[in-house]
Amino acid sequence: MRKLIVLLLAVAVLAGLSSCDGRKVYEEYVEVEDYTWNSSSPLRYEFEITDTTALHDVYINVRHANQYPYSNLWLFIDSWAPSGQKAVDTIECVLADEHGKWQGSGLGDIWDKQILWKKNVRFAIPGKYHVEYNQAMRVENLVGIMDMGLRVELAENDE
């Protein structure tokens, strides 16, 4: 009986967690080996879009350690549509305020920050989209970045 109660509680918690994130279309993190991101090592993501009528918000997720030596992170972002059409962006991710206080949510010496990259995007073509991040911090080996993520979700006004 006790095992059954534990099992039912676990199922209820998992169901609750999945319903809280009903807008998520795609989310993936790529681990940065040894928390050192080499400038010639792009991080790659691939996601599929089936609904070309919905509006989407696209986020950059940054997980870094306290040892990260900068208050921001510059990224070169290349993205490809299923047609092969390429887009290039340069993005600044602000990770700390002007006083050096980390922004985002933290636990111990690990910090997570989500940055809106594109708002209310309508993907015109169904199929697989590709995104590639390159660090653009003018150092060959950038220390303190643990994971980088990409999240695509339905825009709030399009639920």
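When each of Glu31, Met148, Glu28, Gln135 is paired with Leu43, the side chain to side chain contact (heavy atoms under 4.5 Å, CB included) condition holds for Met148 and for no other.
Here the closest non-hydrogen pair linking Val62 and Ile115 is CG2-CD1, 3.9 Å. Contact detail for Ala96 and Trp102: the closest heavy-atom pair is CB-CE3, 3.8 Å. When all heavy atoms of Leu154 and Ala54 are compared, the closest pair comes out as CD2-CB, 3.8 Å. Nearest heavy atoms, Asn134 versus Ser41: OD1-C, 4.3 Å. Taking all atoms of both residues into account, the shortest heavy-atom contact from Pro82 to Pro126 is CG-O, 3.7 Å.
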Evaluate Trp74 against Thr90 for side-chain contact (heavy atoms from CB on, under 4.5 Å), listing each step before the verdict.
CA-CA 7 Å; Trp74 283 95; Thr90 302; 3.8 Å; yes
Run the side-chain contact (heavy atoms from CB on, under 4.5 Å) test on Val94 and Gln103 for me, step by step, so that the C-alpha distance in whole Å, both residues' side-chain angles and the decisive distance to 0.1 Å come before the verdict.
CA-CA 8 Å; Val94 177; Gln103 297 179 343; 4.0 Å; yes
Applying side-chain contact (heavy atoms from CB on, under 4.5 Å) to Leu75 and Ile60, what does each step give before you reach the verdict?
CA-CA 10 Å; Leu75 298 175; Ile60 299 164; 3.9 Å; yes
Go through Asn38 and Glu33 one step at a time and tell me if the side-chain hydrogen bond (donor to acceptor under 3.5 Å, both in side chains) criterion holds.
CA-CA 9 Å; Asn38 185 278; Glu33 189 175 335; over 6 Å; no
Trp111 vs Asn66, side-chain hydrogen bond (donor to acceptor under 3.5 Å, both in side chains): CA-CA, chis, key distance, verdict
CA-CA 7 Å; Trp111 291 87; Asn66 273 342; 2.9 Å; yes
Go through Trp117 and Asp57 one step at a time and tell me if the side-chain hydrogen bond (donor to acceptor under 3.5 Å, both in side chains) criterion holds.
CA-CA 8 Å; Trp117 172 30; Asp57 294 335; over 6 Å; no
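Remark: Asp21 engages Arg151 in a salt bridge, criterion side-chain N to carboxylate O under 4.0 Å.
Counting heavy-atom neighbours within 6.0 Å of Leu116 CG, excluding the residue itself, gives a total above 12. Within a 6.0 Å sphere centred on CD of Gln67, other residues, nucleotides and ligands contribute more than 12 heavy atoms. For OH of Tyr35, the number of neighbouring non-hydrogen atoms (other residues, nucleotides, ligands) closer than 6.0 Å is 12 at most.
No side-chain donor-acceptor contact under 3.5 Å links Asp34 to the backbone of Thr36. Between the Asp89 side chain and the Ile91 main chain, no donor and acceptor come within less than 3.5 Å of each other.
A salt bridge (Lys or Arg N to Asp or Glu O under 4.0 Å) check over residues 125-149, counting only residues at least two apart or in different chains, returns the pairs Arg44-Glu132, Glu46-Lys128, Glu48-Lys128, Arg63-Asp147. Residue pairs that meet the ring pair (Phe, Tyr, Trp, His ring centres under 6.0 Å) test with at least one member in residues 77-101, sequence neighbours left out, do not exist here.
Ring centroids of Tyr45 and Tyr133 are separated by less than 6.0 Å, placing the two rings close together.
Note that CG of Leu95 and OG of Ser71 are 7.5 Å apart. Values are rounded to the nearest 0.5 Å. Between the OG1 atom of Thr52 and the CZ atom of Arg122 there is a distance of 8.5 Å, given to the nearest 0.5 Å.
Ring orientation note: the planes of Tyr68 and His64 are tilted relative to one another, at an angle of 30° to 60°.
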